[in-house]
**Student:** 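This is the structure I have questions about; it appears just below.
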Amino acid sequence: MTVIHFFLSAYFICLFTLLGGIVSFWLTKKYTIIDVFWGIGISTATISMIKHFAPPSLFATMITLMVLLWGLRLSGFILFTKVLSNTTDQRYSRMVKTSPTWLVLKQCMIQAPLQAIIVTTIFPIFSPVSFSFWGIVGGFIFCIAFIGEAISDHQLYLHKKTHSGICTIGLWAYSRHPNYFFECLIWLGISTLFIGSPNYYISLIGPIGLFVIMYFVTGPYTEKCSLERHGAAYLNYQSNTP
């Protein structure tokens, strides 16, 4: 299987999965339901690709469980703390230019190729891969990042329940976006598992692509919204927190 074939296959799986996000939005009228399908889409595509194309192995099972664990936690967290609560995501509210439905459709069209890029992390699994020292290193990185992202998400959630200001507690005192940092680290950990594979370099497309998305697109847009809400207080937070 070529990289292009792999990417296109993953893309159509992600796009089809995101149709569920469109239907869910029509039912709930909540924009954040689309974020739930970020984890669902990537997990579904990853598991489908491994199941249908990769030879059965302990390594393949390990990758499947790691991605499934990541997807369940992220989607579950968003579902219970945003979709099933009365919170409003100001980022999506600001994006509405014509109609809410058009915004959701546009987001799905944007997210599908981005999700496929992340799924490309596991492309080397189609080459002969054996568990090695790098498997231990990658698994360790994944575990640390998974726990770190869960902690940072929980800290932000607890802060928003009782405060309206900027979250500067816990990990948020050391980074403006600890959840983004650990998200990139999770996929770098998965990529590390493939060191030694002839196609290892292709697995870097996922974590590098995710970093580019978060550092140059998602992060700046989130900070722009925060600046509009908190003004000088957020400017001070930016100047004192990396």
Side-chain angles (χ1 to χ4, degrees), residues 1-18 20-21 35-80 111-151 153 179 181-211:
M1 175 181 286
T2 65
V3 179
I4 298 299
H5 182 199
F6 179 92
F7 175 82
L8 290 176
S9 298
Y11 168 75
F12 284 112
I13 294 172
C14 293
L15 185 61
F16 182 78
T17 305
L18 281 167
D35 291 338
V36 174
F37 281 81
W38 174 263
I40 293 175
I42 293 174
S43 298
T44 301
T46 299
I47 295 170
S48 297
M49 298 298 287
I50 291 176
K51 180 179 179 181
H52 290 97
F53 299 107
S57 66
L58 179 61
F59 193 79
T61 301
M62 179 180 176
I63 298 295
T64 300
L65 291 176
M66 291 171 74
V67 175
L68 183 61
L69 183 64
W70 163 83
L72 286 174
R73 190 213 69 84
L74 181 61
S75 294
F77 176 80
I78 296 172
L79 177 65
F80 287 104
Q111 282 198 25
L114 298 181
Q115 289 183 12
I117 289 174
I118 309 304
V119 178
T120 306
T121 304
I122 69 154
F123 177 79
I125 204 169
F126 299 104
S127 305
V129 179
S130 58
F131 194 81
S132 64
F133 166 76
W134 290 110
I136 298 175
V137 174
F140 178 75
I141 293 174
F142 175 87
C143 290
I144 294 298
F146 181 85
I147 294 171
E149 185 176 33
I151 291 174
D153 280 343
N179 52 344
F181 168 76
F182 287 118
E183 178 75 359
C184 292
L185 203 60
I186 281 175
W187 289 97
L188 181 62
I190 294 176
S191 174
T192 302
L193 297 170
F194 297 107
I195 292 180
S197 166
N199 295 315
Y200 164 67
Y201 66 95
I202 297 177
S203 72
L204 292 172
I205 293 175
I208 291 175
L210 184 62
F211 171 78

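Everything numeric here is computed off the predicted structure, so don't read it as measured data.
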**Student:** How would you list, by chain and number, every residue that makes a salt bridge (Lys or Arg N to Asp or Glu O under 4.0 Å) with Glu149, sequence neighbours excluded?
**Tutor:**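 Result, salt bridge (Lys or Arg N to Asp or Glu O under 4.0 Å) vs Glu149: Arg73.
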**Student:** Are Val36 and Phe80 close enough that some pair of their side-chain heavy atoms sits under 4.5 Å apart?
**Tutor:**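 Not touching, per the 4.5 Å side-chain cut-off.
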**Student:** Could you report the tightest heavy-atom contact between Ile118 and Trp38, atom names first, then the distance?
**Tutor:**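 Of all heavy-atom pairs spanning Ile118 and Trp38, the closest is CG1-CZ2, 4.1 Å.
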**Student:** Indicate yes or no for a side-chain donor-acceptor contact from Ser203 to the backbone of Asn199 under 3.5 Å, with no hydrogens or angles considered.
**Tutor:**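 Pair absent, no side-chain N/O of Ser203 close to backbone of Asn199.
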**Student:** Below 3.5 Å, can you tabulate the donor-acceptor pairs from side chains in residues 134-148 to any protein atom, sequence neighbours excluded?
**Tutor:**
none

**Student:** Return the CZ to CD1 distance between Phe37 and Ile78, rounded to the nearest 0.5 Å.
**Tutor:**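 Reported value, rounded in 0.5 Å steps: 11.5 Å.
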**Student:** Measuring from Gln115:CD to Leu18:CG, what's the distance to the nearest 0.5 Å?
**Tutor:**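 So the gap between those two atoms works out to 4.5 Å.
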**Student:** Roughly how far, to the nearest 0.5 Å, is CD1 of Ile202 from CZ of Phe126?
**Tutor:**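 Here the rounded value is 11.0 Å.
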**Student:** Any side-chain hydrogen bond (donor to acceptor under 3.5 Å, both in side chains) involving residues 59-71? Give me the pairs, sequence neighbours left out, ordered by first then second residue.
**Tutor:**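 Of all non-adjacent pairs touching residues 59-71, those that pass side-chain hydrogen bond (donor to acceptor under 3.5 Å, both in side chains) are Trp70-Glu183.
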**Student:** Please name all residues satisfying ring pair (Phe, Tyr, Trp, His ring centres under 6.0 Å) with Phe123, sequence neighbours left out, ordered by chain then number.
**Tutor:**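 Ring pair (Phe, Tyr, Trp, His ring centres under 6.0 Å) list for Phe123, sorted by chain: Phe6.
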**Student:** Determine whether Phe182 and Leu185 make a side-chain contact, defined as any pair of heavy atoms from C-beta on separated by less than 4.5 Å.
**Tutor:**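 Phe182 vs Leu185: side chains touch.
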**Student:** Can you tell me how far OG1 of Thr121 sits from CG of Leu193, rounded to the nearest 0.5 angstrom?
**Tutor:**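 That separation rounds to 10.5 Å.
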**Student:** Can you list everything that forms a side chain to side chain contact (heavy atoms under 4.5 Å, CB included) with Ile4? Sequence neighbours excluded, please.
**Tutor:**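 Once residues adjacent in sequence are excluded, the partners of Ile4 under the side chain to side chain contact (heavy atoms under 4.5 Å, CB included) criterion are Thr2, Leu8.
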**Student:** Compare every heavy atom of Phe7 with every heavy atom of Thr120, then report the nearest pair and how far apart it is.
**Tutor:**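 So the minimum-distance heavy-atom pair works out to OG1-CD1, 4.0 Å.
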**Student:** Please tabulate, for side-chain N and O atoms in residues 44-53, each donor-acceptor pair with protein atoms closer than 3.5 Å (sequence neighbours left out).
**Tutor:**
from, atom 1, to, atom 2, distance (Å)
Thr44, OG1, Ile40, O, 2.7
Thr46, OG1, Ile42, O, 2.8
Ser48, OG, Thr44, O, 2.7
His52, ND1, Ser48, O, 2.9

**Student:** Taking atom CG of Leu72 and atom OG of Ser43, what is their separation to the nearest 0.5 Å?
**Tutor:**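 The CG atom of Leu72 sits 6.5 Å away from the OG atom of Ser43.
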**Student:** When rounded to the nearest 0.5 angstrom, what is the spacing between CH2 in Trp187 and CG in Leu204?
**Tutor:**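 Result: 13.5 Å between the selected atoms.
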**Student:** Going by heavy atoms in the side chains, are Tyr200 and Ser191 under 4.5 Å from each other?
**Tutor:**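 In contact.
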**Student:** Please tell me if the side chains of Ile63 and Phe194 come closer than 4.5 Å, counting only heavy atoms from C-beta onward.
**Tutor:**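 A side-chain contact under 4.5 Å exists here.
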